[in-house]
Amino acid sequence: MSDGEQATTADSAVDDIPPLKRDRRSVFTRLTEGLKFIWASKTATVGLFLVLFWVFVAIFAPLLTPYTPLEQDWKNPNIGPSKAHILGTDELGRDLWARLIYGARVVLVVMPVTDNLWIPGGTAIWGVIVALLVGTTLGLVSGYHGGWVDEITMRLLDAMMAVPIILLYMIIMAALGASAINVVLAMTIVGTPGIARLVRSLTLDIRTREYIRAAETRGESAWYIMFVEILPNARGPIIVDAMLRVGYAIFAMGTLGFLGLGIPPPSPDWGSMVAKGREFILSGSPWAALWPSLAIATLVVGLNLLADGIREESMRYQ
Amino acid sequence: MAKFIVRRFFLLLLTMLLVSVAVFLITEASPGNVAKNVLGAFITPEQEASFLAQMGLDKPAHVRYTHWLLGSDWLADGKVGLALKRVTNAEGFVDWWAVRPNGDLVRWKLVGEDLIAVTQPAAGGEAVESVDNERWQAGTDGAQFAWGVDTANHVVRWEKGTDIEVWSFVVGTGWMKTTGGPVEYIPLKKGFIRGDPGVSLRTGRPVADTIFTRLRNSVVLAGIAFVIVMPTALLLGMIAGLKEGSLKDRILSIGGMMFSVIPEFATGIFLILIMAVWLQIVPGATVFGEKAPWERLDMLILPVLTLTLVELGYILRITRASMVEVMKSPYIRTAYLKGLPYWRIVFKHAVRNALMAPITVIMLHVNWLMGGIVIVEVVFGYPGLGKYLLESALFKDINALEAGAMILVLLAVGTQLVADIIYTFLNPRIRYA
């Protein structure tokens with residue numbers, strides 16, 4: 001997350017940009033080869049299973065529980081695991097397993113834009129995608145254009161990076177109000193400077209290559225060169241960075257939810273479930289706080305194990 | 001070097017200015033109503049208008065920002081015609097007075113058609129009330145008006161014959177309806193850059209009083225965690241880095257990774273459940289009230305432990321990576337080949353270089369650490385700066401929010417500057433032009 005780290009990933013990444021070569025093998029062979037790669041590392045395998053578990057329950061959530069996340073069993077509030085409720089219920093008698101897996105859905109599979117409009121792609125995923133779009137554009141423009149555009153953009157982004165992230169989150173969310181869209185917006189504002197820096201450093205390197213000179217000589221427009229010539233050649237490090245950012249986005253989403261700045265109740269959100277459940281721990285019903293904490297912990301640890309394993313394996317191949 | 005520090009110092013000031021403007025604008029643009037937050041949802045429009053006028057919140061945004069930054073007394077004393085002075089009274093409240101040429105302090109109030117001067121003699125003693133109708137001036141439209149300092153720290157303009165009803169809200173008492181209200185208010189403050197962050201709208205007390213206690217509490221928490229984390233993480237990181245790929249290394253680095261990526265609130269909940277609910281050895285929440293945190297050390301254990309675990313993993317991994325790199329470098333191989341004993345190679349040759357990266361990264365990590373502290377404070381109900389800031393942000397308490405934001409930015413940017421300077425001492429190859 002710090003400057004030093006980002007600079008090193010960017011520098012080392014510039015050197016091993018893969019040459020443009022179309023892979024003509026079938027999708028299936030490529031997939032099994034990728035899996036073999038992950039299989040070779042124990043940590044990556046464990047990580048993959050953890051992540052797949054959450055993706056699976058998120059996608060099939062409606063089939064995995066007889067309850068909805070909002071249904072209240074008002075006779076049984078704050079009970080532990082039982083036959084009727086496998087993980088117990090919260091303070092309003094809502095089934096915790098149902099809330100947990102619908103919560104995974106909000107993180108990974110759907111994003112509640114309004115009460116009636118839910119778009120595919122989880123809130124955390126959208127947070128990364130929008131930040132990528134904005135950050136990549138800024139990075140490309142300031143890296144390729146250079147000069148005063150570069151100077152102004154980078155100084156502004158530096159100033160943004162100097163501001164403590166938690167302060168940015170608090171002010172943005174307190175000002176905009178809690179909603180899924182605003183969570184995505186906050187993640188975008190916080191994520192953009194880092195991505196822009198990475199893309200800029202990649203662009204500065206690629207800009208000097210012959211094929212860019214050739215495209216310029218052909219008279220291609222600046223936008224064409226940036227998005228068709230430079231961006232595809234910088235994709236490797238950007239994708240790796242984006243994968244790490246997914247884990248961080250889930251972390252951030254949980255944190256926002258916990259502070260009461262996330263997706264507003266009653267919709268199931270892991271962070272806000274913990275915040276609510278925390279009040280009942282010392283009165284003897286720890287379940288409502290325990291399960292969502294465990295859920296977010298296993299998901300981010302899974303993602304990081306996967307990323308670590310893949311990185312170690314690829315280093316071994318080199 | 002001096003030039004570099006001066007330049008960075010100005011950049012720090014510039015960042016703080018930009019952030020203060022941004023915080024102000026964002027809070028300004030946001031929906032929500034401070035008057036309703038302070039006074040509840042059932043106030044009448046007259047009460048709301050009266051409150052906003054007294055707080056100076058009816059003025060345009062740029063005027064309010066200038067008042068916040070530079071203060072308003074220098075602007076107001078020209079209107080009163082006397083110098084203004086801020087005094088802290090016996091009960092610890094801040095009072096503003098006008099100063100007569102002979103040194104007497106004076107304030108005014110309006111009773112019917114008469115302006116009453118409340119004079120506090122410079123020699124001390126009881127305040128004296130006297131009728132002071134010489135201050136009335138004739139306005140352009142014929143109405144008579146007077147500028148003066150009222151008894152609630154505003155410079156105000158009274159108009160003769162307009163006996164306006166004022167609703168004032170006293171925290172803890174409720175609504176008070178008084179007469180003799182002025183037509184215009186300028187709330188008096190010294191301004192942020194002169195060391196007065198203003199009065200918190202949420203608590204009705206000066207921000208400066210609260211925020212330093214809160215900051216002290218947070219610093220205690222972070223300080224204890226830091227003292228524990230640093231040696232432990234550096235030691236464990238070195239142990240892990242010495243034998244890359246060994247079982248010890250795997251356990252330490254995967255464990256470190258897990259603790260550093262799990263959100264702080266989840267770690268906190270796990271610790272509460274294990275230590276406070278299951279084993280019942282420490283309290284699971286912090287209740288301090290007015291007491292200083294070090295008076296109940298047992299309550300500090302869980303917050304410190306949470307913060308320690310989260311930070312431990314991060315620093316451990318950096319130390320490990322740095323150690324691995326150093327142990328592979330040619331000069332270490334040379335030392336081996338010279339036949340130096342293993343521990344001498346490690347402590348004399350490897351450690352010095354391996355610790356350079358972690359120490360600077362830790363300083364850059366302060367930005368990150370703040371996020372952790374805010375969460376830990378919320379999890380354990382610890383009365384620190386982060387919790388104060390969160391509550392202020394949710395309340396739209398602009399004075400408190402600005403002050404807290406400035407402290408955080410100062411800490412974040414300031415530590416980075418310090419890190420850069422320390423780095424030049426650790427690594428003499430680096431020079432700043």
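In this text, all values refer to a predicted model and were calculated from it rather than measured experimentally. Below, read A as the first sequence line, B as the second, and so on, with proteins coming before strands; counting in each chain starts at 1.
Atom CZ of A:Arg155 is surrounded by more than 12 heavy atoms from other residues, nucleotides or ligands within 6.0 Å. Residue B:Phe9 places its CZ atom among 12 or fewer non-hydrogen atoms of other residues, nucleotides or ligands, all under 6.0 Å distant. Taking a 6.0 Å sphere around CD of A:Glu91, one finds it holds more than 12 heavy atoms contributed by other residues, nucleotides or ligands. Surrounding CZ of B:Phe259 are at most 12 heavy atoms belonging to other residues, nucleotides or ligands under 6.0 Å away.
Both the backbone and the side chain of B:Ile26 have a heavy atom closer than 4.5 Å to some heavy atom of chain A. Of the atoms belonging to B:Ile272, it is side-chain heavy atoms, and not backbone ones, that fall under 4.5 Å from chain A. Heavy atoms of A:Leu294 lying under 4.5 Å from chain B belong to its backbone as well as its side chain. Heavy atoms of B:Val378 lying under 4.5 Å from chain A belong to its backbone as well as its side chain. With a 4.5 angstrom heavy-atom cutoff, B:Val409 touches chain A via backbone and side-chain atoms both. When heavy atoms are compared at a cutoff of 4.5 Å, B:Met257 approaches chain A solely by way of its side chain, counted from C-beta outward. For chain A, the nearby part of B:Phe270 is the side chain; its heavy atoms alone come within less than 4.5 Å. If you measure heavy-atom distances from A:Asp158 to chain B, you find no contacts under 4.5 Å at all. Contact of A:Leu305 with chain B is made through backbone and side chain together, with heavy-atom distances under 4.5 Å.
When the candidates B:Ile269, B:Leu14, B:Leu369, B:Thr15 are compared by the number of heavy-atom contacts under 4.5 Å with chain A, B:Ile269 comes out ahead. For the set B:Leu411, B:Leu401, B:Val374, the count of heavy-atom pairs under 4.5 angstrom toward chain A peaks at B:Val374. No other option in B:Thr267, B:Leu11, B:Leu389 has as many heavy-atom pairs under 4.5 Å with chain A as B:Leu389. Ranked by heavy-atom pairs shorter than 4.5 Å toward chain B, the options A:Ile172, A:Leu303, A:Leu290 are led by A:Leu290.
Between B:Val23 and A:Leu167, every side-chain heavy-atom pair lies at or beyond the 4.5 Å cut-off. Counting heavy atoms from C-beta on, the side chains of B:Ile262 and A:Phe251 never come closer than 4.5 Å. Side-chain atoms of B:Phe380 and A:Arg278, non-hydrogen and from C-beta on, never get closer than 4.5 Å to each other. Residues B:Val379 and A:Phe258 are in side-chain contact: their nearest non-hydrogen atoms beyond the backbone lie under 4.5 Å apart.
Nearest heavy-atom pair, A:Pro164 versus B:Ala412, reported as atom, atom and distance to 0.1 Å: CG-CB, 3.9 Å.
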Steps toward side-chain contact (heavy atoms from CB on, under 4.5 Å) verdict (A:Val163, B:Leu408): CA-CA 8 Å; A:Val163 180; B:Leu408 287 199; over 6 Å; no
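Remark: B:Lys387 NZ to A:Leu259 CG distance equals 11.5 Å, nearest 0.5 Å. Interatomic distance, B:Ile373 CD1 to A:Ile166 CD1, rounded to the nearest 0.5 Å: 10.5 Å. Summarising the geometry, atom CG belonging to B:Leu18 is positioned 7.5 Å from atom CG belonging to A:Leu156; distances are rounded to the nearest 0.5 Å. For the atom pair A:Leu256 CG and B:Ile375 CD1, the distance stands at 8.0 Å (nearest 0.5 Å). Here B:Gln416 contributes atom CD and A:Met161 contributes atom CE; the two are 9.0 Å apart, rounded to the nearest 0.5 Å.
Within the structure, ring pair (Phe, Tyr, Trp, His ring centres under 6.0 Å) pairs that include any residue of residues 276-300 of chain A comprise A:Trp287-A:Trp291 (at least two apart or interchain).
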